[in-house]
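Whatever order the structure lists them in is the order used to number ligands and atoms, beginning at 1. Please read all numbers here as calculations on a predicted model, not as lab measurements.
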Amino acid sequence: MKVFEIFPSIQGEGPYQGIPSAFIRLSGCNLRCRWCDTPKTQDGSSSEEMTVDEVFGQVKKLGLSHVCITGGEPLIQQDELLSLLKDLHEDGYIVEIETNGTIDPVPVMEYSSVCMDIKCPSSGEKSFAPFVKKLRPSDCVKFVVEGKEDLEYMTGLLDDIPSYVEVCVSPVWGSDSRFIADYIMKLKRPVRFQLQLHKILGVN
Ligand SMILES: C[S@@+](CC[C@H](N)C(=O)[O-])C[C@H]1O[C@@H](n2cnc3c(N)ncnc32)[C@H](O)[C@@H]1O
Ligand SMILES: Nc1nc2[nH]cc(C(=O)O)c2c(=O)[nH]1
Ligand code: SF4
Ligand SMILES: [Mg+2]
């Protein structure tokens, strides 16, 4: 599979925020979000071709119970991803996949929880809301928001998200977080405001 990097870090986003985790960042993405913080992963050219066994071996060496598979867009390498997920699942790892909401996550959901990003207008891209209906209580939806237009877009979608699915709201790094936090307080909905912890810490 096309791998950009494998590294240990504090999970900086989503429901597992704060938990030491092994990150597998896969290469290649079908979107081009304007504010993407991993642009080098987008075209898939800066990647190492690794076998599933090699990836599994490197993760095992890190000695952590939690694994986050991200990218790029991990779901575009579905066959190899499934085979890696089966190995991780069999060994008892708790796995979470970060996905951009444009590819059906159901095939990977037997082995992993899913954190599904719903792309807002500032990204210049669009996710497909229907996939949200397939999520379970162990999954989450994430809105990365830059300001008022994104927050209003998110607000319009909240009623389409099953009530048992956690909603995380994360400011685009460098945007006005206080404005976003104030908006969320006024919204009076149980969404989880969160800042990217790894960037505050200055780690990967
Ligand atoms: C790099 S993406 C990889 C996974 C998948 N392609 C996606 O977009 O969900 C991981 C997460 O980082 C978020 N992200 C990327 N750039 C960001 C930025 N500048 N500020 C805040 N979050 C960002 C994405 O929205 C996504 O939720
Ligand atoms: N520490 C850390 N946590 C993360 N959670 C999601 C990430 C991602 O890029 O998908 C990420 C990342 O890049 N670093
Ligand atoms: S979908 Fe994810 S990896 Fe792809 S461009 Fe957007 S933020 Fe970057
Ligand atoms: Mg990141």
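- Close approach to Glu98 involves these atoms of ligand 2, each under 4.0 Å from a residue heavy atom: 6 (C), 10 (O).
- Between Phe128 and Phe131, the angle of the ring planes goes over 60°, which puts this pair in the perpendicular group of the 30/60° scheme.
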Audit row: Lys60, Tyr93, side chain to side chain contact (heavy atoms under 4.5 Å, CB included) steps and yes/no: CA-CA 10 Å; Lys60 209 165 178 169; Tyr93 287 94; 3.6 Å; yes

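- Other residues, nucleotides and ligands contribute at most 12 non-hydrogen atoms within 6.0 Å of the NZ atom of Lys186.
- Within ligand 3, the atoms closer than 4.0 Å to a non-hydrogen atom of Cys29 are 1 (S), 3 (S), 4 (Fe), numbered from 1 in the order shown.
- Other residues, nucleotides and ligands place no more than 12 heavy atoms under 6.0 Å from the NZ atom of Lys40.
- Protein heavy atom nearest atom 12 (C) of ligand 2, with residue, atom name and distance: His198 NE2, 3.5 Å.
- Taking every non-hydrogen atom of Cys33 and a distance limit under 4.0 Å, the qualifying atoms of ligand 3 come out as 1 (S), 5 (S), 6 (Fe), 7 (S).
- Per-residue contacts place Ile10 under 4.0 angstrom from the following atoms of ligand 2 (heavy atoms of the residue considered): 1 (N), 2 (C), 3 (N).
- Annotation: Cys68 places no N or O atom under 3.5 Å from an N or O atom of ligand 2; distance criterion only.
- Here the side chain of Gln194 pairs no donor or acceptor atom with the backbone of Cys168 at under 3.5 angstrom.
- For ligand 3, the atoms closer than 4.0 angstrom to any heavy atom of Gln42 are 5 (S).
- One finds the CD1 atom of Ile118 at 11.5 Å from the NZ atom of Lys142 (value rounded to the nearest 0.5 Å).
- Per-residue contacts place Gly72 under 4.0 angstrom from the following atoms of ligand 3 (heavy atoms of the residue considered): 3 (S).
- Annotation for ligand 2: atoms under 4.0 Å from non-hydrogen atoms of Arg25 are 8 (C), 9 (O), 12 (C), 13 (O).
- Considering backbone and side-chain N/O atoms, Thr38 never comes within less than 3.5 Å of an N/O atom of ligand 2.
- Scanning the protein heavy atoms around atom 3 (N) of ligand 2, the nearest turns out to be Gly12 N, 3.0 Å.
- For Lys119, the heavy-atom gap to ligand 3 drops under 4.0 angstrom.
- The protein heavy atom nearest to atom 11 (C) of ligand 2 is Phe23 CE2, 3.7 Å.
- Side-chain atoms of Thr102 and Asn100 include a donor-acceptor pair closer than 3.5 Å.
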Stepwise salt bridge (charged side-chain N to carboxylate O under 4.0 Å, His left out) check, Asp43 with Arg32: CA-CA 9 Å; Asp43 72 4; Arg32 296 289 180 269; over 6 Å; no

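- Ligand 3 lies nowhere less than 4.0 angstrom from a heavy atom belonging to Glu73.
- At a cut-off of 2.8 Å, Cys36 does not coordinate atom 6 (Fe) of ligand 3 through any N, O or S atom.
- Glu152 and Lys148 are joined by a salt bridge, as a carboxylate oxygen and a charged side-chain nitrogen come within less than 4.0 angstrom of each other.
- In the vicinity of Asn204, heavy-atom distances shorter than 4.0 Å reach the ligand 2 atoms 1 (N), 2 (C), 14 (N).
- For Asp139 and Lys134, the salt-bridge test fails: no basic side-chain N is under 4.0 Å from an acidic carboxylate O.
- Atoms of ligand 2 found under 4.0 Å from any heavy atom of Ser9, numbered from 1 in the order shown, are 1 (N).
- Atom OG of Ser21 and atom CD of Glu96 lie 8.0 Å apart (nearest 0.5 Å).
- Judged by the shortest distance from any of its heavy atoms, Gln196 lies outside the 4.0 Å radius around the atoms of ligand 2.
- Relative to atom 8 (C) of ligand 2, the option among Ile69, Ile19, Asp37, Thr70 with the closest non-hydrogen atom is Thr70.
- Scanning Gln17, Gln11, Glu13 for the heavy atom closest to atom 5 (N) of ligand 2 points to Gln11.
- The aromatic rings of Phe23 and Phe7 lie parallel to each other, their planes meeting at an angle below 30°, with 60° marking the opposite boundary.
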